[in-house]
Amino acid sequence: MKCALDIDVRDVEEMFINIDPIQAGGRLTADAMKAAIAYGDGYSVCDNCLSPFRLDYIKKPPIAQFHAELAEWLHMDQVRVVPGARRGFQAVASTYVEKGDPVMLTSLAHYTEFMAVEEAGGIPREVPKDERNHITPDAVAARIEDVIREFNRTPPLMFLDHVDYQYGNVHDAKAIARVARQYDIPIALNGAYSVGIMPVDGSELGVDFVIGSGHKSMASPAPSGLIAATAEHAERIFRTTQSKGDITGRTFGIKEVEMMGCTLMGVTVIGMMASFPHVKERVQHWDAEVERSRMVVDALLSIDGTEVRSDYPREHTLTRIDTRGSFDKVAQEHKKRGYFLSSELKKRGITGVIPGSTKVWKFNTYGLSEKQARHVADALVEIARENGLSVS
Ligand SMILES: Cc1ncc(COP(=O)(O)O)c(C=O)c1O
């Protein structure tokens, strides 16, 4: 029976290969779907919340153990699960940034980092990208020097996107963290496009915080994510409340301020937990994912006039492609204009390309099987040929 809102089938996922740039790594596993149904009630994980009264201490279901496993997996000392990566940025900025402080981020930073800085009263300062669309350690050092001169003090925090959302380029976090350390600036790694889809070792990278997004890259329900910290910083960012009611004299035990007392509950945390064994397994097959990404990109590049704006060969599954010299030329003459491409892809069972885009667009092949990636590659070439483009 259909439910009243007609939401029992999401055809994008049921009937199509979805190459949407932002959705690929967040798709739920079957285990997460089952767990989400069983734990749909808001307080479903709180049945056994016994002293100490904090969600990340709950043993049944094994939320405490999940936290410990996440920390071990990322090679960091402590982890908390949060409602989205942005809440991790917010916790870091709120802890480290005072009003008027300059905060380092980059010209490829996600907007949510700016929001976190703004909310804390900080002033964002971007490190420029180079002509390859990379953030280099030299550019970071030079910009830190500029900012110290401008503000007459050292920025208290830097955000770095491990993989940026615009190009899907993998940045040299290790070398950049080394630079930040020379200036004693804690560095928060935005792993929204890495944690959960590719191996991430926070200790090897030398970063102070690793922040991940559950719904973007950990096959988890939204809003979910995590923040991991080194022991050095954990005490400060996960500080417990000092509040006291002035009339009642109440105190609030071990509730953590930046976590607003308790971390993720219900569907979100249980979904993350259910997918976690799969996520741990899948990051080990990152090379195969990259191979499939290359297969599709190479097919696109075989269409004359097409250029890839991301690093080539690809090192990630998110890619920015420029088809102004190919599909967009078709669009100028086509009766469906730019919509012809998404429409032709849809006919072949592929969705996720923004309808109307034929100029510069992004897609993500993460999670496609070999056969699906081959189908996407062949479909793109076939559409090109059928519309008079030459393929070499
Ligand atoms: C690079 C990047 N960072 C951060 C975010 C924010 O993640 P979340 O939605 O988990 O807060 C996103 C997605 O929106 C993103 O693409």
Side-chain angles (χ1 to χ4, degrees), residues 18-28 32 70 74 79-94 103-120 124 126-127 129 133-135 157-171 173 176 187-198 200 202 205 207 209-228 258-260 263-265 267-269 271-272 275-276 279 309-311 315-320 352 354 361-367:
N18 185 0
I19 56 171
D20 184 289
I22 69 173
Q23 297 185 4
R27 244 173 246 137
L28 297 194
L70 282 172
L74 291 170
V79 167
R80 300 290 184 272
V81 288
V82 289
R86 65 195 71 199
R87 296 293 178 181
F89 308 150
Q90 187 181 37
V92 186
S94 148
V103 180
M104 304 305 301
L105 33 68
T106 77
S107 54
L108 294 171
H110 194 253
Y111 78 91
T112 50
E113 294 162 34
F114 283 83
M115 305 291 109
V117 172
E118 182 174 345
E119 196 188 39
E126 296 176 304
V127 178
K129 63 187 173 75
N133 301 311
H134 273 258
I135 304 300
L157 182 65
M158 168 157 189
F159 285 106
L160 175 70
D161 293 47
H162 193 186
V163 176
D164 71 83
Y165 74 99
Q166 296 194 34
Y167 297 92
N169 288 345
V170 184
H171 299 274
I176 291 168
I187 183 160
L189 187 75
N190 175 358
Y193 271 113
S194 60
V195 173
I197 61 169
M198 59 190 265
V200 176
L205 296 176
V207 293
F209 302 96
V210 175
I211 294 163
S213 172
H215 50 265
K216 186 168 286 269
S217 293
M218 297 181 74
S220 301
S224 62
L226 61 82
I227 171 162
E258 291 300 345
M259 300 298 116
M260 290 301 288
T263 45
L264 285 186
M265 353 175 151
V267 165
T268 47
V269 68
M272 286 185 95
S275 279
F276 187 50
V279 164
R309 293 282 161 237
S310 308
D311 282 346
E315 296 291 345
H316 198 274
T317 55
L318 170 68
T319 297
R320 177 186 282 254
I354 297 174
W361 46 284
K362 293 189 290 184
F363 64 95
N364 198 336
T365 58
Y366 189 75

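Whatever order the structure lists them in is the order used to number ligands and atoms, beginning at 1. Bear in mind the structure is a predicted one, so any value in this text is a computation, not a measurement. All residue numbers in this chain count up from 1 along the given sequence.
Closest protein heavy atom to atom 3 (N) of ligand 1: Asn190 ND2, 2.9 Å. The single protein non-hydrogen atom nearest to atom 4 (C) of ligand 1 is His110 ND1, 3.4 Å, given as residue, atom name and distance. What sits closest to atom 11 (O) of ligand 1 on the protein, heavy atoms only, is Arg86 NE, 2.7 Å. With hydrogens left out, the protein atom closest to atom 13 (C) of ligand 1 is Lys216 CE, 2.9 Å, a heavy atom.
The side-chain heavy atoms of Asp164 and Thr106, taken from C-beta on, include no pair separated by under 4.5 Å. Taking the side chain as every heavy atom from C-beta outward, Trp361 and Ile354 never approach each other to under 4.5 Å. You'll find the side chain of Arg27 stays beyond 4.5 Å of the side chain of Asp20, heavy atoms only. In this structure, the side chains of Leu205 and His162 come closer than 4.5 Å at one or more pairs of heavy atoms. His171 places none of its side-chain heavy atoms less than 4.5 Å from the side chain of Asp161.
In this structure, Asp311 contributes its side chain and Asn169 its backbone to no donor-acceptor pair below 3.5 Å.
Considering backbone and side-chain atoms together, Ser213 places an N or O closer than 3.5 Å to an N or O of ligand 1. Checking only distances, Ala85 does come within under 3.5 Å of ligand 1, N or O to N or O.
Within ligand 1, counting atoms from 1 as listed, the ones closer than 4.0 Å to a heavy atom of Asp161 are 1 (C). Atoms of ligand 1 found under 4.0 Å from any heavy atom of Gly84, numbered from 1 in the order shown, are 10 (O), 11 (O). Within ligand 1, counting atoms from 1 as listed, the ones closer than 4.0 Å to a heavy atom of His215 are 8 (P), 9 (O), 10 (O).
With a 6.0 Å radius and a threshold of 12 heavy atoms from other residues, nucleotides or ligands, Arg87 has its CZ atom at or below the threshold.
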